[in-house]
Every structure is written in C-alpha cells, then in structure tokens.
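Here is how names work: the chains are called A, B, and so on, in the same order as the sequence lines, proteins then strands, and each is numbered from 1.
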Amino acid sequence: MYAQMVRSDAASVRSIEEMEPRERAFQQRIDEGQKIEPKDWMPEGYRRTLIRQISQHAHSEIVGQLPEGNWITRAPTLERKAILLAKVQDEAGHGLYLYCAAETLGISRDEMYDQLHSGRAKYSSIFNYPTLSWADIGCIGWLVDGAAIMNQVPLQRCSYGPYARAMVRICKEESFHQRQGYDILVTMCRKGSDQQRAMVQNALDRWWWPSLMMFGPPDTDSVHSAQSMAWKIKQNSNDELRQKFVDETVPQAKYLGLVIPDPELAWNEERGAHDFGEPDWNEFLAVLNGNGPCNRERLGARRAAWADGAWYREGLMAHAHKRVAGVAAE
Amino acid sequence: MTSEWPLWEVFIRGQHGLSHRHVGSLHAPDAAMAINNARDVYTRRNEGVSIWVVRSSDIAASAPGEKGPLFDPSNSKVYRHPTFYEVPEEAGNM
C-alpha cells in the first residue's frame, strides 16, 4: 500500500500476561477502542513503527505527485488540466497532514525529508513506474487511488488519534481522485477511437500488476503484520485487501471493455470471489529497493526541489526574524 | 543551514456560525504565511470563512496524567444535567 512492508518494532506479539503494567494498560486502552494521543505514554516500538508507517505514507503522497505532474502541461482539455491540478494539489495536502501527524511522535519534518532524500525511508513502489500516455493518468486514478482508498478507509479507525484524524480528511477528499481517473477512461473507451481504446488497454497492461503489489507481500511473508494489528495501526491483512480490490475492479474493467492481463483470473463460485495470479514479487522487491524504472528520477526530482527551494525557505525565515527584531527595537 | 520553519496550529470557522475548530497544523515562517498556507492546505473545499493560526509552542496543554483530578469530579454531579430532574406531567413542557 502507500506504506508497504513497514518494519514493526517488536520481536513477537506478547500476551497481556507477559506485559509490564504500563504496557498492559496501554494495550487494554487500544483493545477498548480508545485513541492514543501524542502526550500519552506509549511503548517505544509503537512510536517507532508508527513513525515509519506514517512517514512512508506521507512520502508516498509527495512522491506520488511526480508521475501525474508529468501530464499537467499535456492534459487534453483545460477542464482536465484544472482537475489534474486540483488532484495533485490534494496529494500535497495529504502529505502535509501526514507529516504533521508523524511530527506529533517526536520526529522533525527535516529529519523525515532527510530520510526520504537519502534513500533510508521508503515510499510506495507504485510511483516508480513511468506515465507514458494520457491513459496512464486515468489508470492511476482508477487503480492506484482505488487501491489506496481501500487501505485508507480502515485506517480512519487506527488507534493513534492524529493519524486517524488525518485519514478522515484524506478519505473525504480522495474519492474524487478515483472517479476522475475512471471518468478519463470511460471517455476514452466508450466515446473514443480504436486507437484510444488500445492506448487504455496498453496502460492497464502496465499498471495492473504494480497496482496489486501496492498491498504489499502475501500474508505468508508479511512478518510485521501481527504486532501492527494488535496495536490497531493495521486493520486488514494484505491478501484480504488485495482480494477485495480485484473483486471490485473486475466489473469496472468489463464496463470499459478492457482485458485484465492475468490468464489465471476467473470467478470462483465456491469462494464467491475471483481467483487470480501471483504478482512478480522479485520485481516488487527490486522496485522497493531502488531499482524500479523511475526510482532514480523520482528521488532526483525530490532532492532537486528541496535543494532549489533552500534559498526561499531561508530567505522567508530571515525576513521573519528581521521583522520580529524590528518590532522589538521600536 | 537548518532552520526549520516553526509549527503553527490552524483553527477554522465553518460556514454555520460555529466556533473556530482545530483542523491541523503546518510549518510557516510567520503568521501571515501561516494563514496563506492554511488557506491552501485546509480550505481547498470551502471549509471555512475565517482562519486563526497560533504558534504551537505558545499552546499550554493539560497533561494526560491530570485527567483524573481534572475531570473526574464532574462525574458525580449529575444534577448539572436537565435529565436529573423529573418534571410533573401536569406542568407541561419545560
């Protein structure tokens, strides 16, 4: 997802009896559905895991602007351009809500940027793929935002108050993102030319598997989930959400007249769900470790934006100091 | 040079005459920029008609440990709620 393979800071999940009193009281509050707030006592592992998860989520929102930003100047109509601008601006806002939530856990904004720019922090693998045609912008809204929403809706009930509140705002704003993407594809597939339909099919062929990878590795390999679930900072398993995503997406693809590029995809009457093939997990790990098609380009753009903006940040701060000093001198 | 912009808490008054409500926080070099940024970050969908910003470092807050002494005493004072009192039916609406 936007936060994939977040390392959880605990060797194994401990039972209530094994915990020291403070931790036991903390776990009981979570079990009762109470929210944990910034000044409350919390286990170090909870704090560190949340910092990793929220900052990874924030980095994804920020880096996620780049593939779409590629098409702002090339949108086919003025209306599409205004819509795409609004969506990309939303992503910036979502990143900011999340950075602020992470800051309440005692990490500074600059530290988080540094972790991103130095490559120590991860962001979602999905943003390391290129956007080659306008149909890619449709696919990102439909599939990538669709997958993101699926993960984010349960996070509104996360045990950490500031994160949960940020997710409420984000979910409220995000639903237009998926619809605008699907709307692009409906226009191209149902009202467009054969060439445009082929363009969408080509985009789907490239985005389908990376979208499924967004949910993270299969449950059998997802070693960090149990503790995160006990802490209620993760509510559903990776495979559960992936299945839900496939089931919701198949009819939408059908309406567009598209073929999902998975020969194993079939309705399973017994399970009441679709069977589907396995994503290429070696590709997933390679992308996550910095070797996807656009990793260097994305990080390069982030680093350049941060470095090129330094004079502006410093200038405004110097101006603010000077005005305070001037007022004091009067 | 590391000079992170200070943190501000943002409060927005919605359309319907309610009080300003805390919506989140952001970094800005000064109050004017904090209001500008708050407009972009927190009111992209017509959420408000007025913005307050205050430096986070200027906020004093109660400690979680004080929760008991601060708020428990009001638990026993049920007579502060109108439902504590029984109004005779003959007295009509009150």
Short side-chain donor-acceptor distance under 3.5 Å, H319(A) and E314(A): no
Qualifying residues under side-chain contact (heavy atoms from CB on, under 4.5 Å), relative to Y79(B), sequence neighbours excluded: K77(B), F84(B), Y85(B)
Members of residues 89-99 of chain A whose heavy atoms come closer than 4.5 Å to chain B: Q89(A), D90(A), G93(A), H94(A), L96(A), Y97(A)
For chain A, which residues of residues 48-61 of chain B have heavy atoms nearer than 4.5 angstrom: A61(B)
Interface moiety of Y113(A) toward chain B, non-hydrogen atoms closer than 4.5 Å: neither
Segment of E9(B) engaging chain A (4.5 angstrom heavy-atom cut-off): neither
Short N-O contact, D40(A) and R29(A), less than 4.0 angstrom: yes
CZ (R44(B)) with more than 12 external heavy atoms under 6.0 Å: yes
salt_bridge(R313(A), D110(A)) N-O dist < 4.0 Å: no
Worked check of salt bridge (Lys or Arg N to Asp or Glu O under 4.0 Å) between R165(A) and E37(A): CA-CA 11 Å; R165(A) 290 190 285 273; E37(A) 296 297 338; 2.9 Å; yes
Listed partners of E111(A) passing side-chain contact (heavy atoms from CB on, under 4.5 Å), at least two apart: I107(A), S108(A)
Under-4.0 Å salt bridge between D145(A) and K87(A): yes
Stepwise side chain to side chain contact (heavy atoms under 4.5 Å, CB included) check, T104(A) with Y160(A): CA-CA 10 Å; T104(A) 63; Y160(A) 189 57; 2.7 Å; yes
Residues R109(A) and E103(A) bridged, charged N to O under 4.0 Å: yes
